[in-house]
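Written out below as structure tokens is the structure these notes cover.
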Amino acid sequence: MQGYLKEELQKVLKEKYNLSGVEFKVERPKRKEFGDLATNVAFILSKHLKRNPFEIAQELAEELKKNPSFESVEVAKPAFINVRFSKDYYYGVLKDILTKGFDYFRENLGLGRRVQVEYVSANPTGPLHLGHGRGAVVGDVISNLLEFYGWDVTREYYINDAGNQIRMLGISILYRYLELMLSLVYEGAYSSQSYLFAPPGEATKKDKLYARISELFREIGDEFEQNGYRGEYVKELAQKVYDLYREQILELPKEESINFLSEFGLKEMLEEIKRDLEDFGITFDVWFSEKSLYQTRYVEKTLNYLREKGLLYEKDGAVWFKTTEFGDDKDRVVIKKDGSYTYFASDIAYHYNKYLRGFHKVIDVWGADHHGYVPRVKAAIKAFGVPENWLDVELVQLVKLFRDGKEVKMSKRAGNFVTLRELLDEVGKDVIRFWFITKRSDTPLEFDIDKAKEESSENPVFYVQYAHARISGIFREVLNRKGFDAEVEFEFKPELLSSETELELIKHLATLRDELISIAQSREIHLLPNLAVELVKRFHYYYNHYRVMVDDEELMKARLALLKAIRTALRLIFHFIGISAPERM
RNA sequence: GGGCCCGUAGCUCAGCUGGAUAGAGCAAGGGAUUUCUAAUCCCUGGGUCGCAGGUUCGAAUCCUGCCGGGCCCA
């Protein structure tokens with residue numbers, strides 16, 4: 001609808017003033033006296049043409065009036081042009097939605113180009129917390145939108161499996177495992193004959209166990225105290241290790257046992273993360289391992305490339321990357337004094353890898369605590385000669401959880417944060433997904449469990465889903481009582497929908513198409529819940545004021561057609577948000 | 001100390017590439033049910049858009065300063 005009017009205006013500008021590429025706004029006025037759409041084009045033109053905007057508006061209006069799709073074209077006060085579309089235009093829209101379904105709303109914005117959305121990418125050293133969950137939803141919804149609008153989307157999770165934190169996970173598991181073993185030895189789990197008796201002059205097996213436990217405690221105790229992961233989940237992992245391997249871990253040399261447990265923990269955590277995300281409706285096309293960048297020498301190659309370009313230098317025993325040449329506020333270390341690579345080094349390599357994989361665009365969804373990181377990664381990209389806007393970073397702020405009006409911070413499992421799983425089990429996927437995108441993602445979100453759960457009847461998620469269930473209910477009843485199946489394609493007379501309410505509803509659907517497109521372009525996904533509520537509000541009003549199942553069969557069919565179109569739009573929005581469309585509630 | 005984000009109704013938030021009388025949900029008060037699902041609808045009240053300047057035909061929107069909150073870096 002907006003697109004249509006814009007095109008028509010551009011044609012007029014070209015013919016009448018020989019102007020092209022003029023940027024102006026076409027939008028839905030807040031007050032319906034101002035028509036279906038209004039444009040500020042005359043204001044813009046007055047600057048170009050150096051003429052009175054009101055006169056220009058009048059000239060343009062005269063041209064537009066020739067088009068039968070417009071019922072009226074008026075010029076208002078300063079110089080707005082208010083356009084009203086004809087009924088036939090709207091009836092055409094309704095027919096279009098019924099025949100094309102989702103495709104009515106589609107527009108090929110991506111032109112099949114490849115885009116990568118990287119999101120979550122949480123360290124696999126603990127369960128996902130709420131912040132990760134928000135990032136997960138944001139990334140997923142963006143992906144859904146881009147996919148629908150013609151992009152070839154790759155959803156990717158970057159696994160930080162190379163750094164010291166994985167070793168620390170191993171140490172933490174080992175520490176908890178030692179605690180577990182110690183208590184078992186004390187409690188007598190190792191008190192059978194074979195453990196208690198030994199040939200004369202030799203220590204018993206039990207004593208040996210005890211000595212080994214003490215030895216390992218001494219060796220890793222400090223490290224655990226300083227940097228260990230303390231969440232309950234580490235104890236669970238240790239228990240799992242014990243269930244599988246009993247005391248065998250003690251028989252390994254220290255480093256070997258740490259490596260073994262690191263790998264074990266990594267694998268377990270990743271599986272858990274995968275499960276949590278799947279229950280959240282989120283799956284990835286690619287799980288990209290940081291470690292693989294080292295194994296394939298990608299980091300090395302990338303740094304060599306930079307070195308050849310003269311962008312690396314040594315200072316204080318470390319290797320630095322001249323990111324300041326590309327807009328960063330200071331240079332960054334890529335190889336530390338001790339010869340190890342920084343995270344930044346592998347991040348550069350990762351993004352170089354993304355570029356070489358041929359993505360036309362890359363969107364990184366990051367926690368907002370990484371915002372200081374954006375300039376240096378962008379700098380790296382520029383150093384590769386890649387256009388800066390090739391990468392977009394969506395920053396996602398924290399989620400604060402409230403219960404009984406108080407902030408909930410602690411979780412037994414994670415130690416610090418409430419886990420996504422805990423919230424998922426308590427309030428369910430749909431509610432979380434909906435609420436997590438109701439606010440712009442770069443500002444902190446407050447999530448009130450009581451509102452999300454206990455007052456579910458007043459919850460916008462249910463409000464919106466209820467509309468879908470109601471429509472489905474009507475279709476069921478129409479089939480039951482009248483034997484008419486509205487699910488299959490049927491003929492109808494749109495002109496029977498002649499009331500103001502009905503026409504407004506169709507208009508709204510036409511507008512919705514424009515708004516969804518604009519959301520996909522700007523990625524302002526926080527507007528999606530609003531959009532759903534707006535549409536549903538109109539539907540509920542309609543439901544309460546008009547009966548669909550009426551004796552006049554033609555009228556009934558026309559109204560069913562309208563409901564079907566509404567349901568199509570609703571399902572599409574639900575699909576974007578990733579919530580279910582219930583048949584009954 | 002430097003940087004980023006935020007401040008709009010009692011609460012949670014839209015609106016911010018300048019545009020017509022600043023919106024929604026919740027909460028508060030009143031009303032609608034022989035119905036295709038009342039998890040609904042209708043009505044009412046509620047605002048110095050943090051404060052002060054500036055830019056211009058016009059500012060919640062752009063600029064500057066200040067106040068308050070969050071985060072990152074040193």
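Here is how names work: the chains are called A, B, and so on, in the same order as the sequence lines, proteins then strands, and each is numbered from 1.
- Taking the six-membered ring where the residue is Trp, A:F539 and A:Y543 present tilted rings, their angle falling between 30° and 60°.
- A:R481 has a side-chain polar atom (N or O) that falls below the 4.0 Å cut-off from OP1 or OP2 of B:rC36.
- Side-chain atoms of A:D329 stay outside donor-acceptor range of the base of B:rA74, with no qualifying N/O pair under 3.5 Å.
- Whole-Å rounding puts the A:K330 NZ to B:rA74 P distance at 5 Å.
- Whole-Å rounding puts the A:H370 NE2 to B:rC72 C1' distance at 10 Å.
- Remark: P of B:rU8 and CZ of A:R440 are 13 Å apart, rounded to the nearest angstrom.
- Among the heavy atoms of the strands lying under 4.0 Å from A:Y541 are primed sugar atoms or P, OP1, OP2 only; no base atom is included.
- For A:N459 and B:rA24, the CG to C1' distance is 15 Å, given to the nearest whole Å.
- As judged by a 4.0 angstrom heavy-atom cut-off over every strand, A:A469 is placed among the base-contacting residues.
- As rounded to whole Å, 13 Å separates atom P of B:rC42 from atom OH of A:Y546.
- For B:rC73, neither phosphate oxygen OP1 nor OP2 lies less than 4.0 angstrom from any side-chain nitrogen or oxygen of A:Y373.
- The closest donor-acceptor contact from the side chain of A:R559 to the backbone of A:R547 lies under 3.5 Å.
- Close to B:rC73, at under 4.0 Å from its OP1 or OP2, lies no side-chain N or O of A:R376.
- Between A:R470 and the phosphate of B:rU37, there is no side-chain N or O to OP1/OP2 separation shorter than 4.0 Å.
- In this entry the distance linking CD of A:E515 with C1' of B:rA14 reads 12 Å, nearest Å.
- With respect to A:R513 and A:E107, a salt bridge is recorded, a charged nitrogen being found less than 4.0 Å from a carboxylate O.
- Salt bridge status for A:K336 with A:D338: absent, with no side-chain N to carboxylate O gap under 4.0 Å.
- Proximity of A:H371 to the phosphate of B:rC73: no side-chain N or O atom is located under 4.0 Å from OP1 or OP2.
- Atom P of nucleotide B:rG3 and atom CG of A:L395 are separated by 18 Å, given to the nearest angstrom.
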